[in-house]
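Just so we're on the same page: letters track the sequence lines, and every chain starts at 1. In this text the structure is predicted, and so the values were computed from the model without any measurement.
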Amino acid sequence: MIFQILDANYVYDPDGFPIVQLFGTTPSGRPVTVQASGFRPYFYARIDERRIDSAIDGIREMGLSAEAVDRFRPVGYQRRPSKMLKVVAKDPKSVRDFRESVLSVPGVLEVYETDVLFKNRFLIDLDLGGMRWAEVEAGNGGSDLETAPAGSATIGPVPYTSLRPAGAGPAVAGGAEREKVPGAEARGGAKAIPNAPLRTLAFDIECLPLHGAMPSPETSPVIMVSLAFDPPYKGREDLVLVGRDLDCPRGDVLCCGGERAMLARFVEILKDYDPDVLAGYNSAEFDFPYLEERARRLNVEVRVGRDGGPWRVRKIVNQTRVEITGRIVVDLLPLVRSSFSLKRYTLRNASLELLGVEKHDVDPKEMEALWTSSGDDFARLVSYSRRDSYLALHLLTDLQLLDKYIALAQTSGSLLQDVIDGGQTGMVENFLFRKFQERGRVIPPKPDADLSSARAAQSSELKGGEVLEPKKGLVEDVLILDYRSLYPSIMMAHNLCYSTVVTDERPPSGGVVKPPSGGEFVLPGEAPGIVPGVLSDLLAQRTDIKRRMKSASEEERSILDAQQYALKILLNSFYGYSGYARARLYSLPLANAVTSFGRTNILNTKRMVEEIGSVYVRDGKALLPEEMASASGDSFPAVGEFKRFDLSVVYGDTDSVFIRLKPFGGSGVKPTLEEAELVGGKIAETVTSRLPPPMELVFEAFARRGLFLVKKRYALWVFEKVGGEWRDKIKVRGMETVRRDWCELTSKTLNRSLELVLMEGRVEEAVDLAKSVIDRLQRLDLRKDPEILEDLVLTRRYTKSTASYKNKQPHVQLAEKMRARGGPVPSVGDRVPFVIVRGRGLFVDRAEDPSYALENGLLIDTDYYINKQILPPLLRLLAPFGVSKEQLVCCPEQQRLFDLAPPGAAVAKGRAPSGPPAEGQEQKQKSLFDF
DNA sequence: CAACACGCCTAA
DNA sequence: TGAGTTAGGCGTGTTG
């Protein structure tokens with residue numbers, strides 16, 4: 001029988017030995033639990049070779065078994081393995097304690113792999129992994145499972161040796177000996193098995209706020225639970241559970257009489273529907289903790305796990321984690337946060353931006369009245385509640401948010417829940433555990449707090465990428481080239497790895513690579529690195545998947561796309577991991593070697609391009625100067641038979657170069673798109689041929705015009721070939737249009753101006769646009785023009801508790817104001833929207849809640865918006881064309897005076913003259929004389 | 001007024 | 001946020 005692994009844990013047999021439970025799904029989507037016995041927890045101890053016997057005796061006296069093995073230490077090139085003991089325990093929970101006692105045994109030098117969760121140890125050692133397929137030889141009940149009556153089935157306990165990997169997803173990692181034949185077919189011809197269908201339940205709760213305040217689980221009941229199902233549950237796509245008695249006219253509204261009965265019903269439906277995935281929006285921070293507390297108070301059992309256990313809500317520092325054995329718990333809020341750059345992450349805004357669906361809303365103050373009402377009013381409350389679980393479900397399914405996490409789980413071997421909740425570290429480590437094991441290398445435990453902070457202090461010595469100074473201003477005809485997976489390809493090209501870095505042993509031949517950062521790495525002939533090998537596997541798989549995507553159906557393509565994305569993420573994670581202070585495998589020499597090669601490479605690339613100097617295009621072919629010369633012999637072709645473009649690098653960042661093509665001579669003709677592509681391809685090919693494989697420079701796009709402001713800030717009118725056709729668009733990097741701490745009015749105005757300047761070359765129209773926007777602001781009257789408020793909203797992330805801020809920040813000041821008013825307060829991690837209102841004092845003190853400002857008739861500080869939001873970005877764009885501030889702010893005399901006055905001047909007029917003017921004002925006053 | 005620290009967000 | 005990395009611009013407010 002085969003099944004796809006969803007989750008894992010362990011229980012104990014009557015003798016106190018662990019039994020691993022794998023929770024999975026059969027190909028048809030039926031849940032199954034497989035129990036495996038006989039697998040034991042273990043770890044490694046490196047020992048002084050002269051004291052092996054006494055050390056073994058000492059360890060055996062603790063009731064552990066110990067066996068001498070040869071293993072390589074984690075970091076550093078070693079010619080021979082070290083003597084180690086594999087120490088086997090009975091109870092996984094005892095390993096932590098035995099680690100200390102074993103360390104105190106004379107002769108024991110160091111311990112390894114002492115903190116590997118037992119479920120992970122099991123999966124790693126059996127070459128199984130999250131969302132991968134496994135096969136179990138099940139004597140009874142296994143083969144006829146698919147035809148057995150409904151409900152889940154349990155198999156076993158079977159000996160753990162009767163479990164093995166089944167099939168091979170294209171992204172499932174292969175072993176070391178398959179490097180010769182890259183791609184999916186390489187895995188012993190194993191066929192990829194499509195993912196089993198997942199049953200998904202999304203839910204949302206409504207609580208009764210007291211007089212419009214935030215509900216608290218100590219006092220406010222849960223009044224509704226809405227549920228959305230995919231696939232439908234008993235023919236229904238959604239249900240709303242109601243915690244009061246009412247004649248419920250509709251079948252999809254279940255009136256439960258009271259809160260307790262409603263919660264019990266929720267638990268019943270959960271068990272009955274038996275979802276693989278349980279989702280909500282902000283459910284980890286709100287719904288689950290709330291339900292947990294209400295259930296505790298009302299004495300409702302929440303045993304919804306596939307092992308019969310309860311859900312577990314664990315508060316971690318600033319975060320809550322929810323676990324249900326055998327199921328995947330998904331809080332969509334952090335997923336949406338990490339996948340999309342939005343100004344706000346409320347369910348309302350996320351649904352609008354990502355699904356294009358409006359959310360129904362009920363004013364918290366109205367809730368109580370609606371709750372006790374009936375008829376249409378009550379129906380409104382029900383439909384509001386229903387909508388929220390619907391939106392959560394559709395964010396998950398329509399955006400296929402889970403697909404890439406599934407692919408990441410399959411590729412890395414981590415359980416899906418760990419991929420969703422954790423970061424790159426867990427995946428990289430899970431992956432490395434497997435690869436190091438194949439090569440007989442052990443992995444250290446996680447560094448303790450002291451070691452981590454020592455490393456963190458040290459890691460300021462890690463230098464990053466090189467950014468070239470841009471040639472500022474407008475440039476025409478720019479080629480964009482970049483290196484494909486630069487850091488991974490550097491690691492492969494130079495055999496950079498934990499296992500190749502020279503620490504204390506040197507290779508017999510003495511052959512080493514010396515990176516610009518110093519240090520030495522042995523050549524692949526001596527010892528091919530583990531990480532370079534892994535990267536090479538992953539790269540080959542990605543190339544293969546991208547090839548297969550071209551001929552795949554729509555449905556297949558989205559799965560393949562998730563897989564190639566997962567491979568890309570993983571490929572790029574190894575470098576970051578090596579420089580991460582809390583990594584098990586931290587190596588500053590390794591991380592520094594990678595970036596130092598990167599820096600010299602981009603500088604080299606610039607030099608190479610400029611040494612090439614120019615490229616010719618003749619008869620539909622691009623030629624280097626020497627090719628042109630040799631092709632034409634003594635008689636250089638006549639002008640008109642070829643085009644020549646002179647090359648200069650105008651910008652570059654880490655792995656990219658921007659090359660200007662200057663048509664040769666006064667009568668030089670601009671390149672066509674096709675010619676630009678030819679030239680770009682020629683340069684890429686030429687540079688690549690001079691670099692060690694698999695380093696590869698590729699032609700990415702061509703820009704007819706570009707505007708480079710400063711490092712990391714530029715805009716281009718790019719042309720890209722999509723399926724044989726040229727598509728053009730404006731590509732903006734780093735400028736205010738892509739920054740969320742600027743208002744929409746700025747983004748819109750700047751965006752349109754960029755289009756006018758870059759696509760149409762119409763600077764005057766951009767000037768007119770800016771003038772009209774400024775004029776509109778000067779005449780601003782919120783009562784007549786309330787829609788503009790939305791465009792004036794700035795947002796900033798409230799990153800830490802107020803007390804930890806050393807300086808005042810507008811959004812933090814606002815959060816405090818809101819707290820004092822007793823309304824809803826932004827919490828740490830939220831993006832806080834605000835507008836700047838007119839008044840006395842510092843900018844940071846004049847941030848206001850947009851709706852509060854509107855309701856209370858506060859005046860917008862138009863001077864701030866003109867002088868700080870519109871003018872600076874627009875002038876940065878237009879100044880290179882000789883546009884000055886005065887040209888943008890030209891208006892009736894009266895308003896001009898007003899404009900040039902400092903922010904708050906209107907108030908200053910009415911202020912007591914005795915007060916000393918603020919510093920900023922004094923400066924502005926002085927600058928008035930300049931005009 | 002220049003130099004600086006802080007905070008935020010983005011590029012890669 | 002129980003954590004992939006560094007480079008870099010810019011606004012705000014303070015300091016010398």
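- Taking the side chain as every heavy atom from C-beta outward, A:Tyr498 and A:Ile530 never approach each other to under 4.5 Å.
- Not one side-chain nitrogen or oxygen of A:Tyr805 sits closer than 4.0 Å to the OP1 or OP2 atom of B:dA5.
- Separating the CZ atom of A:Arg455 from the P atom of C:dT5 is a distance of 12 Å, rounded to the nearest angstrom.
- If you take CG of A:Leu468 and C1' of C:dA7, they are 12 Å apart, rounded to a whole angstrom.
- Going from the P atom of C:dG8 to that of C:dA3 covers 28 Å, rounded to whole Å.
- Within the structure, every side-chain polar atom (N or O) of A:His811 is placed at least 4.0 Å from both OP1 and OP2 of B:dG7.
- Distance, A:Arg797 CZ to B:dC9 C1': 11 Å, rounded to whole Å.
- Residue A:Lys463 places none of its side-chain N or O atoms closer than 4.0 Å to OP1 or OP2 of C:dT6.
- One finds a side-chain N or O of A:Arg733 lying less than 4.0 angstrom from the OP1 or OP2 phosphate oxygen of B:dA12.
- Looking at heavy-atom distances under 4.0 Å, A:Gln424 makes contact with a base.
- Residue A:Lys808 is classed as having no contact, given no heavy-atom separation below 4.0 Å to the nucleic acid.
- Not one side-chain nitrogen or oxygen of A:Ser459 sits closer than 4.0 Å to the OP1 or OP2 atom of C:dT5.
- A:Tyr586 comes within 4.0 angstrom of nothing in the nucleic acid, heavy atoms only.
- For A:Lys800 and B:dG7, the shortest distance from a side-chain N or O to OP1 or OP2 is below 4.0 Å.
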